[in-house]
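Each remark here refers to the structure printed beneath this line.
All figures in this text were calculated on a predicted structure; none of them were measured in a lab.
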Amino acid sequence: MSAGQIAALIAAGAFVLLVVLLAIPLIKLGRTLDEATIAIRKTHEGSAPLLLHADKTITHVNTQLQRVDGITTNARAVTGNVSALTSLFTATMGGPLVKTAALSYGLSKAIKARRASKEAGGGRRKRRGSR
């Protein structure tokens, strides 16, 4: 064996060692890709029932929102009716009630003033024209 053949054998051995060392990470990368493929497949299979249940949930929520919309429409109508009734009551009875309250307040003040003047004057009444 010549020196060139020995060098070629050493080079071939180094190349085989390099291939073996590079094959280990490639095999591990292949296993990682297989696991990732399996995980994606399971996620895809599990997402179908989830989306089906989400569709049912959204349908149920839409039904409830329609009911709430009906309730708010009725509440708006009741609010309008109460507002109209209040305006009607204020327009019809407001003036006379204010006048009655003012009259009772005035009579109360007059009665109190008369009592105060009777107590201060000793109960004597003065007539208009007399001195």
Side-chain angles (χ1 to χ4, degrees):
M1 236 194 242
S2 71
Q5 289 176 344
I6 294 177
L9 282 176
I10 292 175
F15 183 72
V16 169
L17 185 63
L18 178 68
V19 168
V20 169
L21 289 176
L22 290 177
I24 294 172
L26 288 176
I27 291 172
K28 288 184 179 182
L29 179 64
R31 288 180 185 162
T32 304
L33 289 176
D34 290 341
E35 291 294 324
T37 304
I38 292 170
I40 290 172
R41 186 173 296 131
K42 286 182 180 179
T43 303
H44 177 68
E45 291 170 357
S47 66
L50 180 66
L51 293 176
L52 179 66
H53 292 303
D55 184 45
K56 289 180 183 178
T57 302
I58 289 173
T59 303
H60 182 67
V61 167
N62 284 337
T63 304
Q64 295 300 322
L65 285 176
Q66 288 174 353
R67 289 181 183 169
V68 168
D69 187 40
I71 291 170
T72 13
T73 303
N74 291 339
R76 187 181 312 128
V78 167
T79 304
N81 291 340
V82 168
S83 175
L85 183 63
T86 304
S87 298
L88 179 66
F89 180 77
T90 302
T92 306
M93 299 298 289
L97 284 176
V98 169
K99 290 178 184 177
T100 304
L103 177 66
S104 66
Y105 180 74
L107 287 174
S108 162
K109 283 291 204 179
I111 291 171
K112 286 180 184 177
R114 187 167 184 156
R115 285 183 184 162
S117 69
K118 278 185 179 180
E119 290 175 3
R124 296 171 99 199
R125 291 177 65 187
K126 291 186 179 181
R127 293 191 181 179
R128 282 189 178 173
S130 64
R131 291 189 182 189

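We find the CD1-OG1 distance between Ile38 and Thr43 to be 11.5 Å, quoted to the nearest 0.5 Å. To the nearest 0.5 Å, atoms CG (Leu97) and OG1 (Thr90) are separated by 9.5 Å. Rounded to the nearest 0.5 angstrom, Thr86 OG1 and Asn81 CG are separated by 10.5 Å. Rounding to the nearest 0.5 Å gives a distance of 9.5 Å between CG of Leu29 and CG of Asp34. A distance of 11.5 Å separates CG in Leu26 from CG in Leu21, rounded to the nearest 0.5 Å. The line from CG of Leu51 to OG1 of Thr57 is 11.0 Å long, rounded to the nearest 0.5 Å.
Not a single donor-acceptor pair under 3.5 Å links the side chain of Ser83 to the backbone N or O of Thr79. A donor-acceptor pair under 3.5 Å is absent between the side-chain atoms of Ser108 and the main chain of Ser104, judged by distance alone.
Following chains of ILVMFWY side-chain contacts shorter than 4.5 Å, one can reach Leu9 starting from Ile6, so the two form part of one hydrophobic cluster.
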request  = For the pair Asp69 and Thr72, evaluate side chain to side chain contact (heavy atoms under 4.5 Å, CB included) and give the outcome as yes or no after the intermediate values.
outcome  = CA-CA 5 Å; Asp69 187 40; Thr72 13; 4.2 Å; yes

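Within the hydrophobic cluster formed by Ile, Leu, Val, Met, Phe, Trp and Tyr side chains joined at under 4.5 Å, directly or through other members, Ile40 stands alone, with no partner residue.
Contacts of Asn62 classified as side chain to side chain contact (heavy atoms under 4.5 Å, CB included), with partners at least two apart in sequence or in another chain: Ile58, Leu65.
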